[in-house]
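Here the structure is laid out as structure tokens; the discussion comes afterwards.
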Amino acid sequence: MVRLLIVRHAKTEWNKLGKIQGMSDVPLAEESRVAAREAAAAFRGYDIAAVYTSPLVRARETAEIITNYERQIITDSRLLERNFGTFEGRTYDELGLLDHSRLFYELDSDVYAEPSAEMFERARSFVLDMLEFYDGKTVLVVSHGVCISFLLYAATHDRWDEKSYTLNYIKNLTATIVEVSE
């Protein structure tokens, strides 16, 4: 069993504007750095064996702030946000989407977006590696909303099934604790 402390990055200016970020490398908003420092207190009671983050600056900087720049942070491309294709940089209003959950269902019609099955495979690969290398330990993971939703699904499913998947909306700086076993 491995315990994953999964955190969504702090807010960016694009989050505040309702823009879809995906693989776009958007930095944190200044006030979000303060919020991330405040959130760090929630992790002080955990014996964290390793810290993993997406290579995108908003996640990497959130991980650095949460760990007070005192831990080695491992970047892993499997923790990148989903590639939203032509939806990136646009707002939900521009796309005519009523809420965040509709985006997921629209993505599979965009030929430039990352397919759901591929997103699941990289999330599942990450979860399996955590089980193999950190059995009995706790790992801090900083990533992105949709990626985290897929990580949660991959922690409980060994194969992709779009009919059983439900997108979880994860707010910025929300921590989710998941215990995964084989």
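Under 4.0 Å is where a charged nitrogen must lie from a carboxylate oxygen, and between Glu13 and Lys19 no such pair does. Checked for salt-bridge contact, Lys16 and Glu31 meet the test: a charged N lies under 4.0 Å from a carboxylate O. Ionic pairing of Asp76 and Arg78 is present here: one or more N-O contacts between side-chain nitrogen and carboxylate oxygen are shorter than 4.0 angstrom. Here Asp47 does not pair with Lys137 in a salt bridge; the nearest charged N to carboxylate O distance is not below 4.0 Å. Ion pairing between Arg58 and Glu61 fails under the 4.0 Å rule for side-chain N and carboxylate O.
Counting only distance, with no hydrogens or angles, the side chain of Thr12 and the backbone of Leu28 share no donor-acceptor pair below 3.5 Å. Side-chain atoms of Tyr153 never come within 3.5 Å of backbone atoms of Leu167 as a donor-acceptor pair (strictly under, hydrogens ignored). Here the side chain of Asn68 pairs no donor or acceptor atom with the backbone of Glu70 at under 3.5 angstrom. Remark: side-chain polar atoms of Ser32 are not paired, donor with acceptor, to backbone N or O of Ala10 under 3.5 angstrom. Between the side chain of Glu179 and the backbone N or O of Met1 there is no donor-acceptor pair closer than 3.5 Å. The closest donor-acceptor contact from the side chain of Glu88 to the backbone of Met23 lies under 3.5 Å. Glu114 contributes a side-chain N or O that, together with a main-chain N or O of Asn83, makes up a donor-acceptor pair within less than 3.5 Å.
The CZ atom of Arg60 sits 6.0 Å away from the CD atom of Glu64 when rounded to the nearest 0.5 Å. Residue Leu152 holds its CG atom at 5.5 Å from CD1 of Ile170, rounded to the nearest 0.5 Å. From Leu140, atom CG reaches atom OH of Tyr46 across 10.5 Å, with rounding to the nearest 0.5 Å. For the atom pair Leu151 CG and Arg124 CZ, the distance stands at 11.0 Å (nearest 0.5 Å). How far CZ of Arg8 is from OG of Ser54: 12.0 Å, rounded to the nearest 0.5 Å.
Residues Ser143 and His9 bring no donor and acceptor atom of their side chains to less than 3.5 Å of each other. The closest side-chain donor-acceptor pair between Tyr169 and Ser149, if any, does not fall under 3.5 angstrom. The closest side-chain donor-acceptor pair between Arg82 and Ser116 falls under 3.5 angstrom.
Neither Leu173 nor Ile65 shares a network with the other; the hydrophobic side chains, linked directly or stepwise wherever heavy atoms of I, L, V, M, F, W or Y lie under 4.5 Å apart, form separate groups for each. Note: the hydrophobic cluster containing Val146 also contains Leu95 (ILVMFWY, side chain heavy atoms under 4.5 Å, direct or indirect links). Cluster annotation: Ile148 and Ile66 are assigned to distinct hydrophobic clusters (Ile/Leu/Val/Met/Phe/Trp/Tyr, side-chain heavy-atom contacts under 4.5 Å, transitive).
Side-chain contact check for Leu128 versus Glu132: every heavy-atom pair is 4.5 Å or farther apart.
The 12-atom threshold is not exceeded at CD of Gln72, counting heavy atoms of other residues, nucleotides or ligands nearer than 6.0 Å.
Aromatic pair Phe150/Phe120: centroids not less than 6.0 angstrom apart.
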>> Test side-chain contact (heavy atoms from CB on, under 4.5 Å) on Val178 and Thr176; report intermediate values, then the result.
In response: CA-CA 6 Å; Val178 180; Thr176 305; 4.0 Å; yes
